[in-house]
Structures are given as C-alpha cells and as structure tokens.
Amino acid sequence: MKIATFNINGIKARIGALTDWLDEAQPDVVLCQEIKSVDEAFPREPFEDRGYNVETHGQKGFNGVAILSKLPLEDVTRGLPGDDSDEQARWIEATVVGDSHAVRLCGLYLPNGNPVEFDAEGKPLRDGKYGYKLDWMDRLEARARALMAAEMPAMMAGDYNVIPQAEDAAKPQSWETDALYLPQTRAAFRRILNLGFTEAFRARVQGPGHYSFWDYQAGAWNRNNGIRIDHLLLTPQAADLMTDCVIDKAVRGREKPSDHVPVWVTLAA
DNA sequence: ATGTCGCTCTATGAGCGA
C-alpha cells in the first residue's frame with residue numbers, strides 16, 4: 001500500500017500537476033494539504049475518473065485538507081479534537097483496509113506560526129499565531145497518545161511546518177527565529193516522536209540535504225535552499241509494515257509546481 | 001539586496017498568508 005503526503009498549495013491551481021503525478025506514481029492514498037477550497041468547490045472529477053475516492057475538509061481561501069484513496073475510506077472524521085472553537089480546517093482522518101491490515105490515516109496541516117513575537121529577553125511569547133501553533137501541537141500530542149494507546153497501524157502525515165534538526169535545512173542559521181525551527185517548536189515535535197512514533201523518512205535515510213519544500217521566492221529551488229517539513233509519523237504497528245519511504249524531489253522542477261513535493265511510504269498492509 | 005505564488009474581493013490591482 002503506497003501512501004503519500006502532498007501539500008499541493010491550492011487544488012484549482014494544481015489539478016494538472018497533481019493528476020500527472022498520480023498517473024506516474026500510482027499512490028493508493030494521498031493525504032493533501034492546503035487545498036484552499038470549500039468542500040463544494042473541490043474538483044472531484046479528475047480524481048474520481050482515476051478511481052480515487054475523495055474526502056475533503058475545506059475552508060474558503062486558506063488551509064484545507066483532503067484524502068484521495070483508491071481504497072474505500074471508512075470512519076471519516078474531520079477536525080483535530082480538543083478545541084471546538086477552532087475553525088481552521090487542518091485535520092482529517094479515515095481508515096483504509098488492506099489485504100492484511102486496517103490502517104488509520106490522519107492527514108494534517110500544522111499551523112505555520114509566523115510571525116513570532118518575542119519578549120525583552122528574546123523568549124518567544126506563547127501568543128498570537130505562534131501560540132496557536134503550540135496549542136495545536138498540544139492537541140496533536142493528545143491525539144497521538146490516543147493513537148499510540150490503540151496499538152494499531154496508524155500514521156499522522158502532512159505538512160508539520162517543523163524543521164526537526166539542523167540537517168533538515170540548507171541554511172539552518174537563517175531559520176533560528178522562525179516558528180518552524182524555534183527550540184520550543186522542535187521540542188513539541190520531539191515530545192510527539194518520543195511517544196514511540198517512527199519518523200518514516202529518517203528510519204530509511206540519514207544525513208543532510210533531503211528537503212520537501214523550496215520557497216517560490218529568491219530562487220530557492222535553483223539554489224537547493226530547501227527545508228524538510230513534510231513528515232509521516234508511524235505507530236510501531238505501522239512502522240513494522242513499512243518497506244520504503246521516498247521524497248519525490250523531481251516534482252518540484254516541473255511546470256507549475258507546488259512549493260512542496262510528495263513524500264510517500266509503502267506499507268505491507 | 002531582491003527575486004513568488006494562490007487566493008479573495010468586486011477588481012481590472014491590493015491585501016493576505018505562506
């Protein structure tokens with residue numbers, strides 16, 4: 001079973017690039033972020049024509065997540081638990097059943113968190129957009145604990161907006177005061193990993209120079225000034241099934257690309 | 001040093017978010 005995460009940065013602008021990639025890579029499931037569309041306006045036909053079931057959790061203009069799946073999507077839920085007042089569409093879950101295992105899939109678009117406000121001592125304030133990011137990560141940790149307690153194959157995959165380590169950025173020093181790389185951000189990410197999740201890519205590939213996002217600005221792609229912020233976190237029961245994990249870097253060099261590329265795993269499920 | 005893109009609004013570009 002081939003499962004991908006892909007921040008597509010606007011579904012209407014990415015239909016061609018996304019269908020081209022689907023036809024070539026043939027994933028069974030794609031967890032999409034930043035669809036930037038309400039559910040009613042999501043263009044389902046190009047994907048249904050290719051045999052994908054489509055479940056969306058959208059909002060107008062910003063954010064929004066979706067799941068495309070050649071397997072039936074069961075028990076679909078929308079929204080990250082823990083704050084009924086949160087109106088941002090950043091979380092969707094569903095279960096797929098393979099030949100040998102059922103897998104719970106969580107697609108997420110973690111808040112960016114910039115700009116960060118700092119106090120007089122240079123400490124980031126748990127306020128504004130950065131506060132929302134850290135609060136959201138606390139809720140993510142709670143959901144992660146519940147998934148771990150279920151002792152089932154499950155994954156939480158998406159655009160985490162977290163650079164885990166210096167080796168995950170071409171120029172780590174330029175991110176030192178950024179919400180994607182602040183110590184508090186990385187610590188919150190580690191707290192989740194330390195519950196027992198396997199970060200799929202790092203279980204397969206070590207060392208620097210592996211990125212999943214290159215900014216549209218300042219020639220970031222041509223200079224390979226990238227960061228690795230799209231991650232797949234697997235429960236032990238899912239990690240036991242993993243046979244591969246790849247960043248589809250070449251997608252960034254094509255016509256009308258997203259600023260992110262797909263990252264996928266294969267599971268013997 | 002700077003460099004972009006996608007979206008909404010009611011527009012013919014500005015503002016926002018990333």
Side-chain angles (χ1 to χ4, degrees), chain A residues 5-21 30-44 46-47 56-66 80 86-91 107-117 124-125 127-137 140 157-164 168-182 185-186 188-189 211-231 249-263:
Chain A
T5 176
F6 192 179
N7 180 323
I8 55 175
N9 190 20
I11 185 59
K12 287 187 265 305
R14 213 68 59 213
I15 293 174
L18 179 54
T19 54
D20 284 352
W21 180 73
V30 188
L31 305 166
C32 298
Q33 301 89 40
E34 282 205 89
I35 65 173
K36 297 186 177 179
S37 168
V38 293
D39 297 333
E40 312 83 76
F42 190 96
R44 308 173 68 92
F47 309 106
T56 62
H57 179 41
Q59 71 179 84
K60 184 181 275 196
F62 306 107
N63 308 322
V65 288
L80 180 64
D86 185 359
E87 295 183 349
Q88 299 190 29
R90 296 179 175 277
W91 181 269
L108 68 100
Y109 177 45
L110 203 149
N112 177 294
N114 285 304
V116 183
E117 297 172 71
L125 295 170
D127 208 348
K129 292 193 170 185
Y130 192 54
Y132 176 67
K133 178 176 192 148
L134 294 179
D135 289 346
W136 204 94
M137 294 183 83
L140 177 61
D159 177 358
Y160 276 74
N161 272 312
V162 174
I163 302 167
D168 297 310
K171 298 182 179 180
Q173 70 285 357
S174 70
W175 295 92
E176 279 173 1
T177 61
D178 192 284
L180 277 61
Y181 189 61
L182 281 170
T185 303
R186 294 189 279 144
F189 184 73
Y211 312 126
S212 65
F213 168 91
W214 296 259
D215 202 288
Y216 288 123
Q217 297 188 67
W221 169 246
N222 288 327
R223 296 164 187 257
N224 197 26
N225 180 15
I227 52 177
R228 195 176 67 89
I229 57 175
D230 298 273
H231 310 301
K249 178 178 182 179
V251 172
R252 185 63 177 81
R254 297 182 183 170
E255 288 293 303
K256 212 166 160 46
S258 171
D259 41 6
H260 297 249
V261 297
V263 187

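Letters A, B, ... are given to chains in the order of the sequence lines, protein chains preceding strands, and every chain is numbered from 1.
Rounding to whole angstrom units, CG of residue A:Asn222 and C1' of B:dT4 are separated by 13 Å. What separates CD of A:Gln59 from P of B:dG6 is a distance of 19 Å, to the nearest Å. A straight line from CG of A:Leu18 to C1' of B:dG6 spans 16 Å, rounded to a whole angstrom. When the C1' atom of B:dT4 is taken as reference, atom CD of A:Glu255 falls 15 Å away, rounded to whole Å.
Distance check on atom P: B:dT8 versus B:dG3 gives 24 Å, rounded to whole Å. For the C1' atom pair drawn from B:dT12 and B:dG17, the interatomic distance equals 23 Å after rounding to whole Å. Comparing B:dC16 with B:dT10, their P atoms sit 14 Å apart, to the nearest whole Å. Nucleotides B:dT2 and B:dG6 place their P atoms 23 Å apart, quoted to the nearest Å.
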Only distances under 3.5 Å count here; give the side-chain donor-acceptor pairs of residues 217-228 of chain A to other protein atoms, sequence neighbours excluded, each with its distance to 0.1 Å.
residue, atom, partner, partner atom, Å
A:Arg223, NE, A:Ala218, O, 3.4
A:Asn224, OD1, A:Trp214, NE1, 3.0
A:Arg228, NE, A:Asp168, OD1, 2.8
A:Arg228, NH1, A:Glu199, OE1, 3.0
A:Arg228, NH1, A:Glu199, OE2, 3.4
A:Arg228, NH1, A:His231, ND1, 3.4
A:Arg228, NH2, A:Asp168, OD1, 3.2
A:Arg228, NH2, A:Glu199, OE2, 2.9

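With sequence neighbours left out, A:Asp20 forms a salt bridge (charged side-chain N to carboxylate O under 4.0 Å, His left out) with no residue at all. In this view, A:Tyr181 satisfies the side chain to side chain donor-acceptor pair (under 3.5 Å) rule with no residue, not counting sequence neighbours. For A:Pro43, the side-chain contact (heavy atoms from CB on, under 4.5 Å) partners are A:Ile11, A:Ile15, A:Pro46, not counting sequence neighbours. For the side-chain contact (heavy atoms from CB on, under 4.5 Å) test, residues two or more places apart in sequence or in another chain that qualify with A:Asn112 are A:Asn114, A:Asn161, A:Leu180.
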**Asked** How would nucleotides 8-18 of chain B be written as a contact map, 5' to 3', with B for base contact, S for sugar-phosphate-only contact and - for no contact, using protein heavy atoms under 4.0 Å?
**Response** SS-------SB
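Minimum interatomic distance between A:Ile8 and A:Glu34 (heavy atoms only, all atoms of both residues): CG1-O, 4.0 Å.
A:Ala218 comes within 4.0 angstrom of a base, heavy atoms only.
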